[in-house]
Amino acid sequence: MDNTKQLMLGNKAVARGLYEAGVCFISSYPGTPSTEITEEAAKYDEIYCEWAPNEKVAMESAFGACLAGKRAFCGQKHVGLNVAADPLYTMSYTGVNAGLVIGVADDAGMHSSQNEQDSRHHAIAAKVPMIEPSDSTEALEYTKLAYELSEKFDTPVLLKMCTRVAHSQSVVTPGTRTVPVKQYEKNIAKYVMMPGNAIKRHPFVEERMQALTEYAETSPLNRVEMGGTEIGIITASTSYQYVKEVFGDRVSVLKLGLTNPMPVQLIKDFAAKVDRLIVVEELDPIIENHVKQLGIKVEGKDLLPILYEFSQNLVAKSLGETPHVPAYTLDTPIPVRPPVMCAGCPHRGMFYTLNKNKCTVLGDIGCYTLGAVAPLSAIELTLCMGASIGATHGFNKVLGEESSHKTVAVIGDSTFMHSGMTGLANVAYNQSNSTIIILDNSITGMTGHQQNPTTGYNIKGDPAGKINLEALCRAMGFERVRVVDPYNLAECDQVLKEELAVNEPSVIISRRPCALLKYVKHEAPLRVNPDKCRSCRSCMRIGCPAISMKNNKATIDPTLCVGCGVCSQMCHFDAFESTKKEA
Amino acid sequence: METKNIMIVGVGGQGSLLASKLLGHLLLTQGYDVKVSEVHGMSQRGGSVVTYVRYGDHVYSPVIDLGEADCIVSFEALEAARMLPYLKEGGVIVTNTQQIDPMPVITGAAVYPEGIIDQMKATGAKIDALDCLSLAEEAGSTKAVNVVLLGRLSHYFDFTEEEWMASLEAIVPERFIEMNKKAFALGKNA
């Protein structure tokens, strides 16, 4: 990469920061909006990068690397940090050897998430510092600084991104790489967190927070930008950008780049210089509560929402400024365009079959969550990674026969490796009569095609270990493990009926690679013979975006259709024809 | 100068990424501060997608809000209509006339509004609509819709043909450059 000024995605700027900070080891699990940090870092040959099966394993691996003396990183989305919370909270006690930074990307507004939890709570609870950049330039600089803090204060450091920082490009000037290395030394009192040692480490954690609070008073991460003194605004992350957009220099701003722990005197001094103090922060009132605890009069969530992400108009409106308003509006209702399963998605055939058999479907996290969207409307639960299997087990245990012959779990291959295996162990061990369907599309789909332990390739696309799902399920004690092709509706229907009927747990692996994978060869698009189409709309029940009704006849958009043939299996009148030219 | 705002809107999978990359490159080489913002993940699966491109002396917010867009570039007619409230007074919408039915229309739960482009024109907004899909096919690939749109968009900027071409060459893989140059010219002269 050349070191000239360039536009860079926030996540790529973090990756550049990792490179320049001399990071040697990265282990992460993909999750929007964090994924590109690790994908971009993997482009540097100097950094070992991997996708771990889940965030907990990733964080423990990164910790091992830092213990061995090399700077390490682990990245995930906000809910991923819940999975990795267990090692994090005790890594706070052990501290680090070489620097360890943990990237966490929040998703205010839930563009691609099941909740909009505020990860700052984890930083407070785990008692580790949290750094928040507000654009790509800061993403690069703060990442490097995070390693200095990690080693100086002997602590893992949380680097918090949010959707608008992670997925925005702004101007960055890259620098050079230096690689600080430490030696590993055996230190049982520091690293073996049994009670006798942990009791002695907790005071260290509290002292470290004190030292970090003192550091926060003068840290370059926190800065005061004095302007008009009628209003003073304390803010962080992307909210800073909205505040500056609306007010420019008309207000004074205290921008916090270190949001845990927060300074005390710096805030008191800033408050004393302004007539009215307001905190502008997305999601929970964490800065605001800190300021209130200092006994300072402050406004915040009484003016600004606790929900969703902010924008310049929202900040303007909330703080009594005039927001921009639409200049042109239509009275016509504009139909929504929700995300849908792609044309040719292998999940579609299985969801159609589950609907046909009137199954209760407890779902999981991935592209197949879109099985809940009309017209399929098949999925009845989505909670967190791996929950489909645990929930199906509990559901079937309490409802017994009335449920077990029609209730299934659906879980993708990557999600199964992430945290479905332990749920499956519970089904095998405590013997619920559950049918578990692994939707194996041979990739981690929703986050944009990352490899996983079942695909046989690593993050760089090189051959890697490959876990055999059938053998794994059998080894756990499942006698009934079936594999079906979801493009074959008759086969799916028959196997599903058989496995629901039996009085023992079973696994169905619905296997076909994601239609968007580059190596997947598509068939010629189909077309509808309008003379044969009887307008029965049977084909509309699968929710394929390539099929629509035009002049009361089904029609296929040839730019979308990949010729999967699922629709033609549903048509009673043989109206679907191939456009393939006969050789 | 005041920050200028361009929105690129369409349906997930239509190739808006290249359009924003090219614009970002062009604006940066012209010496502006630039921010380009988009959302990845679930919304990309056939849903409405929006990319914000902002440039000026110093750009703060990465997003464009209601009533702020100087220009909206749309890959699909309904998406242009959806984003109309983001257009600033006197702004322009450059849109593909292609219609892609969203799922509620496919299932019959909603209807695709009739004559949506004329309806937009009737609001007084400046609407520059063209059949980019046909022009892209003429250039050699339906995937070139994005560059056809950029060609049309170039009317509303003061940048020279050479400056646009320099960015095109910097962004597009070499084997597709000639086809994309043709697509750009077809959009520009349509």
Side-chain angles (χ1 to χ4, degrees), chain A residues 5-7 32-33 35-36 107 111-113 135 163-165 167-171 238 240-245 311-314 323-330 332-342 367 369-370 373-375 446-448 537 540 543-545 547-549 557 559-560, chain B residues 3 11-13 20-21 24-25 28 33-48 52 59-63 65-68 78-79 81-82 84-91 100-114 116 119-120 123-125 133 142:
Chain A
K5 207 165 86 164
Q6 53 198 276
L7 265 183
T32 312
T35 312
E36 299 83 3
D107 190 18
H111 295 281
S112 200
S113 303
D135 62 15
T163 297
R164 294 302 176 186
V165 177
H167 286 167
S168 293
Q169 301 171 51
S170 55
V171 181
T238 191
Y240 163 81
Q241 305 290 357
Y242 303 136
V243 166
K244 291 298 279 190
E245 179 86 24
S311 68
Q312 51 267 39
N313 273 355
L314 183 136
H324 293 112
V325 291
Y328 311 97
T329 47
L330 286 168
T332 314
I334 306 292
V336 293
R337 191 185 298 275
V340 292
M341 279 183 203
C342 307
C367 285
T369 310
L370 294 170
V373 177
M446 180 60 82
T447 44
R537 301 181 67 95
M540 305 301 287
C544 177
I547 311 175
S548 56
M549 297 297 285
D557 181 341
T559 64
L560 290 176
Chain B
T3 298
V11 179
S20 63
K21 240 177 138 171
H25 184 274
L28 193 67
D33 185 27
V34 185
K35 279 189 179 168
V36 178
S37 184
E38 61 212 356
V39 169
H40 308 188
M42 185 171 254
S43 61
Q44 286 179 305
R45 301 280 174 256
S48 301
Y52 308 104
V59 180
Y60 287 107
S61 170
V63 300
D65 219 325
L66 291 169
E68 291 187 340
L78 187 67
E79 293 312 305
R82 188 187 315 286
L84 182 65
Y86 284 82
L87 194 67
K88 177 189 271 186
E89 177 89 50
I100 300 174
D101 286 351
M103 196 47 67
V105 171
I106 290 177
T107 61
V111 288
Y112 197 108
E114 281 287 317
I116 189 68
Q119 287 191 42
M120 284 192 282
T123 66
L133 195 60
T142 54

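Just so we're on the same page: letters track the sequence lines, and every chain starts at 1.
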Output the distance between atom CG (A:L330) and atom CD (B:Q119), rounded to the nearest 0.5 Å.
6.0 Å

Flag the pair A:I334 / B:R82 as yes when at least one side-chain heavy-atom distance between them is below 4.5 Å, and no otherwise.
yes

For residues B:P62 and A:T238, determine if any side-chain heavy atom of one lies less than 4.5 Å from a side-chain heavy atom of the other.
yes

Would you check if A:P375 and B:M103 make a side-chain contact, meaning some heavy-atom pair closer than 4.5 Å?
yes

May I ask you to name which of B:P85, B:G124, B:G91 has the most heavy-atom pairs under 4.5 Å with chain A?
B:P85

I need the minimum non-hydrogen distance between A:Y328 and B:K88, along with the two atoms involved.
CE1-O, 3.5 Å

Heavy-atom pairs under 4.5 Å with chain B - which of A:L314, A:T329, A:L560, A:T35 has more of them than the others?
A:T329

Answer with side chain, backbone, both or neither: which region of A:P333 has an atom nearer than 4.5 Å to a non-hydrogen atom of chain B?
backbone

Got A:D135 and B:Y60 here, is their nearest side-chain heavy-atom distance under 4.5 Å?
no

Can you confirm whether B:P104 sits close enough to A:V336 that some side-chain heavy atom of one is under 4.5 Å from a side-chain heavy atom of the other?
yes

On a heavy-atom basis, which atom in A:S311 and which in B:V63 lie closest, and how many Å separate them?
CB-CG2, 4.4 Å

Turns out that what part of A:T163 lies under 4.5 Å from chain B's heavy atoms comes down to side chain

Do A:L7 and B:H25 come close enough that some side-chain heavy atom pair is under 4.5 Å?
no

I want to check something: taking the side chain as every heavy atom from C-beta on, are B:P113 and A:P335 in contact at a cut-off of under 4.5 Å?
yes

Would you compute the distance between atom CD1 of B:I100 and atom OG1 of A:T559 and round it to the nearest 0.5 angstrom?
6.5 Å

If you round to the nearest 0.5 Å, how far is CG of B:D65 from NE2 of A:H324?
9.0 Å

Using non-hydrogen atoms and a 4.5 Å limit, figure out which bit of B:V105 sits close to chain A: side chain, backbone, both or neither.
side chain

If I take atom NZ from residue B:K35 and atom CD from residue A:Q169, how far apart are they, to the nearest 0.5 angstrom?
12.0 Å

Checking A:R337 side chain against B:L78 main chain: does a donor-acceptor pair fall under 3.5 Å?
no

Distance check, rounded to the nearest 0.5 Å: B:D101 atom CG versus A:M549 atom CE?
11.5 Å

For the residue pair A:M540 and B:I106, what are the closest heavy atoms and their distance?
CE-O, 2.7 Å

Determine the option with the most heavy-atom pairs under 4.5 angstrom with chain A, choosing from B:G24, B:A109, B:A110, B:P102.
B:P102

Looking only at heavy atoms, the pair that brings B:E89 and A:A327 closest together is N-CB, 3.5 Å

As an exercise: rank B:S37, B:S61, B:S20 by heavy-atom pairs under 4.5 Å with chain A and give me the winner.
B:S61

